[in-house]
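What follows is a single structure, written as structure tokens, with notes after it.
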Amino acid sequence: MTEQIRWICGIATIFGQRSHDGRIWRREEFDGWLRLRMSVPLRLDHAPVAIEPSGMVILDIGMARRFCPVTAPVDGPLCLAEIDQDPWGAALLEDL
């Protein structure tokens, strides 16, 4: 049986608005990085995800494969990401 890639798409951050950690990102700060066209580990708010009350956590939940700056419906980098092929990835997609 072949594995199906589990893709998600969304805005990674909104330029000019305060993010969850309090930073305000500007488009100019991403321009050089976006030209590199590199993949990066996919994380939720750049932090570990708590899996169980016992303290088990996972750091990466997949790979962010592509980014493209957009201006509508908001101004920010649109991200195409692949969720890991493990039970935690399936649970995350159910939660989303």
Side-chain angles (χ1 to χ4, degrees):
M1 182 172 148
T2 60
E3 290 183 359
Q4 292 183 345
I5 297 175
R6 300 185 289 197
W7 295 104
I8 61 169
C9 184
I11 302 294
T13 192
I14 300 173
F15 297 138
Q17 288 188 18
R18 194 165 305 281
S19 63
H20 294 295
D21 66 0
R23 296 180 186 175
I24 297 177
W25 297 104
R26 306 268 179 238
R27 178 180 288 269
E28 301 78 34
E29 296 173 300
F30 280 75
D31 284 344
W33 181 80
L34 286 169
R35 282 193 295 275
L36 295 174
R37 298 178 181 244
M38 60 188 288
S39 296
V40 296
L42 181 62
R43 298 181 180 162
L44 293 177
D45 293 327
H46 298 274
V49 177
I51 299 299
E52 297 174 355
S54 64
M56 183 174 174
V57 298
I58 56 172
L59 188 56
D60 301 333
I61 58 172
M63 287 297 289
R65 301 285 184 193
R66 301 280 189 269
F67 295 89
C68 176
V70 297
T71 56
V74 296
D75 189 22
L78 182 66
C79 173
L80 178 63
E82 178 183 348
I83 300 292
D84 283 341
Q85 295 287 334
D86 59 26
W88 308 122
L92 175 67
L93 286 174
E94 286 179 25
D95 289 346
L96 292 174

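Because the structure is a prediction, the values reported are computed rather than measured.
Of all heavy-atom pairs between Arg6 and Gln85, the closest is NH2-CA, 3.2 Å. Of all heavy-atom pairs spanning Thr71 and Arg27, the tightest one is CG2-NH2, 3.5 Å.
Identified under the salt bridge (charged side-chain N to carboxylate O under 4.0 Å, His left out) test for residues 34-44, with sequence neighbours left out: Arg43-Asp60.
To the nearest 0.5 Å, the span separating CD1 on Ile5 from CD1 on Ile83 amounts to 12.0 Å.
Leu36 and Val40 fall within a single hydrophobic cluster, where Ile, Leu, Val, Met, Phe, Trp and Tyr are joined by side-chain heavy atoms under 4.5 Å apart, directly or via other members.
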Task: side-chain contact (heavy atoms from CB on, under 4.5 Å) assessment of Arg18 paired with Ile24 - done: CA-CA 5 Å; Arg18 194 165 305 281; Ile24 297 177; 3.5 Å; yes
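Remark: Arg66 pairs with no residue by the side-chain hydrogen bond (donor to acceptor under 3.5 Å, both in side chains) rule, at least two apart or across chains. Applying the side-chain contact (heavy atoms from CB on, under 4.5 Å) rule to Leu34 yields the partners Phe30, Phe67, Pro69; only residues at least two apart in sequence or on another chain are considered. Under the side-chain contact (heavy atoms from CB on, under 4.5 Å) criterion, Arg23 pairs with Ser19, Asp21, Trp25, not counting sequence neighbours. Among residues two or more places apart in sequence or in another chain, the salt bridge (charged side-chain N to carboxylate O under 4.0 Å, His left out) test is passed with Asp84 by none.
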Please output the side-chain donor-acceptor pairs of residues 9-16 that fall under 3.5 Å, not counting sequence neighbours, one pair per line with the distance.
none

